[in-house]
Structures are given as structure tokens and as C-alpha cells.
2 protein chains.
Amino acid sequence: MADAASNLLKGWETIEPTGNTREKLLDVAQELIQTRGINAFSFQHLSQAVGIRKASVHHHFATKADLIESLMARYLADFEGLTKGILASKVNGKTKLKRYCNLFLETLKSGKHEKSCLCGMLMAEVSSVEEPVQNQIRQFLRDNLDVLESILRDGSRDGSLNVTLNSQKSIKSTALVVLSTLEGGLLIARSDHGPEQFSGMVTRLVALLSAT
Amino acid sequence: MADAASNLLKGWETIEPTGNTREKLLDVAQELIQTRGINAFSFQHLSQAVGIRKASVHHHFATKADLIESLMARYLADFEGLTKGILASKVNGKTKLKRYCNLFLETLKSGKHEKSCLCGMLMAEVSSVEEPVQNQIRQFLRDNLDVLESILRDGSRDGSLNVTLNSQKSIKSTALVVLSTLEGGLLIARSDHGPEQFSGMVTRLVALLSAT
DNA sequence: CTTGAGCTACCTACCGATTGGTAGGTCTTG
DNA sequence: CAAGACCTACCAATCGGTAGGTAGCTCAAG
């Protein structure tokens, strides 16, 4: 590592298309935040993991707030793509609900260490993020509650889920129960008995909402 | 249950609580962790809030890990007292469940800023705490799941709650769903629409588990 | 074809502030 | 006088961030 000069020269031969470093920084930052949290990761860790110097990270993201905002924007877009895929699939509501829950399970299982939802981690440390990111968090919640509401409505219509639809408030509350369960379940499973525990919980949650 | 404070002492001749400074330190630390998280509070903040110097905090708690361990020990004991009171009360299971959920609502509403569950915050930042505290977290989870299981069993017996009891695994999973919902709901409500939102979610959760 | 301005991406070296923690002294009280 | 509680003064490490420089690429003007 001491011969940074030769690293520099040899590095350029195998340089890849621009934009790659920035994405890699976001990838590592996301993994670090999902495993450790926002206040337990630093530009130092980030730079070491990616293989560039700390100051170079600032070239891509001026401040930590900028980094997190960019990261959340990407996360929101990714999640929206995944949920749209589920909503568009031609299966009944119960199956859609299962698939939606599996997004969280996959998050927990992916990577070397057990990860939580990025937005869940930011919610826990919400007092440490700037206002733009707080708005992004609320956006994530609104998006997901809308998706869940849609799924619950589908399931109620096709008879696979049992949700009382007479009250507009009721279905929104049910969506909130589901999202809360998934977010809380991730945190608990990560500290306790891992993906298996989470998976069992999801099964029970879906059963609670299923038609008898 | 062993008092963690006595672990710091060679002998156990000083069981009696020392001056209230120590308790005040724990109070402030708990409030800071519940609002900001473990990595966003420092001995500096703590000393300023209590009105003593930073070095004096170290007189009461040698390290940050010691502080958190003592804090969690107190929290576990407090929570156990509260839940025992609920379990012992002569009301039906559904009412017990409502009262249990209200413990979390009260946590959210208490204090100047909106607070989450201490254990929920530690779960989010679990990678930043030492092994003894990780064990305390798991203890908290086990205690609460046992309490919930007991409540659900009561409600099933007296007919106020509708939980399929044929499977031992089912009732444990249901307890986990409830705890996850409460922990996740605290985080969401704190970032979104506050105690009202949480309260509405709890109402829906109880309804989902109620006898038709 | 060459030159050089301007760009991106990265670097070394530094900044003040804050972190958790320690050494050692002072004051009070039983 | 012993011990608990609190103090001042310090430490190395790390934090987010900045200043200023360099290597390679692109592209237009001479």
C-alpha cells in the first residue's frame, strides 16, 4: 500500500468506464449502513473498502449528507422497480404479499453480514440525518404503504386475503401493520435467530391476513 | 436477576443505591439513546446534561460499554415489573394485550422528543455493542415473547382473542409478529406521523388478533 | 500533427473538533 | 484518615472536511 505511485500507474491500465467508482462507493456505503448504521461508518472505512483515498471520496460526494441523500435516491428507485414488478405480476393478492415480504427476507440474507432495511436503519438514527433525507424516508414509507394497500385490495378482491374493506382507514392501518412487522422483524431477527426466525414470522403474518 | 452495578465492584457490600447522580446519568443516557442512538451520544453530552464533568462520568461508569450494560440491566428489570403487573391483572387477554401495547405508546410519547424502545435502538446498532449487551438484547426479546405468549394464551382461553393454539409454533410466531410490529411501528411513527399513527396501528393489530 | 486549456479522478497533507479514556489532585463526609 | 465524588488537564485516535497538486483524457485552435 505504500507504493501509491505504482498503484496509480498500473491502476490506469485497467481503469474501467467512469461512473464505476461512484457506484461502488454507493454499494459499500449501503452495505455498511445496513449492517452498522449511519453513525458507525466513516469516509475512512468507505475509502479503504473501495480502495481509494478518503479525500477522493469527497470528490464524488462532497459531504456525508450528500452521500446518504444520493444513496437513498438510488434505494428508492430500486425498491420502486421491485414493487412495481410484484404489482404487475398476474398472481393473487396473497402471493403478491408473500413476494413483497420476501424482498425483506432477501435483504436480510444478502451479503456477508446480516443486513437490515436501509430505510429502517435511517429511521432508527433519524435524528442524525438532514431534512432532505428525512423527507426521503417519509417518501419510502408512503411508497411502500401504497404498494401494500394495493396488494391488500387485490387480495380482498380475489378472495385470497381477508381484509375488512368497509373502512378506508382500516386498510391503511393494515398496511402499516405489515410494514411495521417487516421492519421490526428484520431488526429482531438480525439480533436473535436470523433469517429462519424472520421467515417463520412472515408465514404467520400472511396467515393472519389470509382468508379462512 | 443479578444487579449489573455490583459487577463493577469487588465485593457486594454496597448493594444500596448510591447517590442519585448515578441514576440521573442512567436516565439521561437512556433518553439520549432512545432519541439519537448509541453512536450519536457521547460522554460529553451526558456530562453536560447532568451537570458534571466528563471525567466524573467515568467515575460512575468506567467505559461506555459498562454504561450501556448497566442501563440495559435496569431497563430489563423495569420492563419485567411492568409486564408482570399486566399479566397479574384480572382482565381478559385482549385487554392485557392492549395494555402491553400501550407500554410502547407511552414510551413514544414520554419525554420532550419522541423516543423509541431502548432495546429497539440497540438492535439497530447491534454491531456497535459488546457481547454482554447482545445477550441482554436477546434476554429482552425472550422475556417479551414469553409475556406475549402468555397473554395470547389467556386471550385464547377466555375467548377474547382468536389465536390458533393447535400448533406450539404458531403461538410463538404470533407473539413474534406482535413484538415486531410494535418495535417497527415505533421507528416508523417516530419518523412519520407520531403517536397518533402508532396508536391507530395498534388498534388494527389488536383487531386482527381479536375473536370475530 | 502538435499543443495546451479544461475536465475528471485521484492523490498527499493538513485542519479543528470531538471521541473514549487516563492521571492525578481536591474536597467532603463518615 | 479512608473512601467516594468530583475536578483540571491531558492523551492518542478518529471524525468530517479542505487546500492544493498531479496524471490522463478530450477536444479545439494554430
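Throughout, a chain's letter reflects where its sequence line sits, starting with A, and its residues are numbered from 1.
Going from atom CD of Q44(B) over to atom P of dT22(C) covers 16 Å, rounded to whole Å. In this structure, I52(B) atom CD1 and dC27(C) atom C1' are separated by 15 Å, rounded to whole Å. The distance between atom CD of E23(A) and atom C1' of dA9(C), rounded to the nearest whole Å, is 16 Å. Between F43(B) atom CZ and dC6(D) atom C1' there is a gap of 15 Å when expressed in whole angstrom units. The interatomic distance linking K64(A) (NZ) with dT18(C) (P) rounds to 15 Å, in whole Å. The interatomic distance linking L46(A) (CG) with dC15(D) (C1') rounds to 14 Å, in whole Å. As rounded to whole Å, 15 Å separates atom C1' of dT8(C) from atom CG of N20(A). E130(A) places its CD atom 14 Å from the C1' atom of dG17(D), with the value rounded to the nearest Å.
Picking from dC15(D), dC11(C), dC7(D) the nucleotide with the shortest atom distance to the side chain of R53(B) gives dC7(D). Closest to the A55(A) side chain, of the nucleotides dG21(C), dT18(D), dA9(D), is dT18(D).
Nearer the 5' end of DNA chain D, as judged by each residue's closest nucleotide, is the contact made by G51(B), out of G51(B) and A62(A).
Side-chain polar atoms of R99(B) and N102(B) form no donor-acceptor pair below 3.5 angstrom.
Within the 4.0 Å cut-off from OP1 or OP2 of dT8(C), not a single side-chain nitrogen or oxygen of H60(A) is found. One finds no side-chain N or O of H58(A) lying less than 4.0 angstrom from the OP1 or OP2 phosphate oxygen of dC10(C). The side chain of H59(B) contributes no N or O atom lying less than 4.0 Å from OP1 or OP2 of dT22(C). S56(A) has no side-chain polar atom (N or O) that falls below the 4.0 Å cut-off from OP1 or OP2 of dA9(C). For T21(A) and dC10(C), the shortest distance from a side-chain N or O to OP1 or OP2 is below 4.0 Å.
Residue-level contact check: S42(B) touches the backbone only, with heavy atoms under 4.0 Å from sugar-phosphate atoms and none from bases. At the heavy-atom level, F41(B) lies under 4.0 Å from the strands shown only through sugar-phosphate atoms.
With sequence neighbours excluded, the residues satisfying side chain to side chain donor-acceptor pair (under 3.5 Å) with D154(B) are K96(B), R157(B).
Between the base of dG21(C) and the side chain of K54(B) there is a donor-acceptor pair shorter than 3.5 Å.
Between C119(A) and F79(A) the shortest side-chain heavy-atom distance does not fall below 4.5 Å.
Pairs passing the salt bridge (Lys or Arg N to Asp or Glu O under 4.0 Å) check and including a residue from residues 73-88 of chain A, sequence neighbours excluded, read E23(A)-R74(A), D27(A)-R74(A), E80(A)-K84(A).
Across all their heavy atoms, L187(A) and G120(B) have their closest contact at CD1-O, 4.2 Å.
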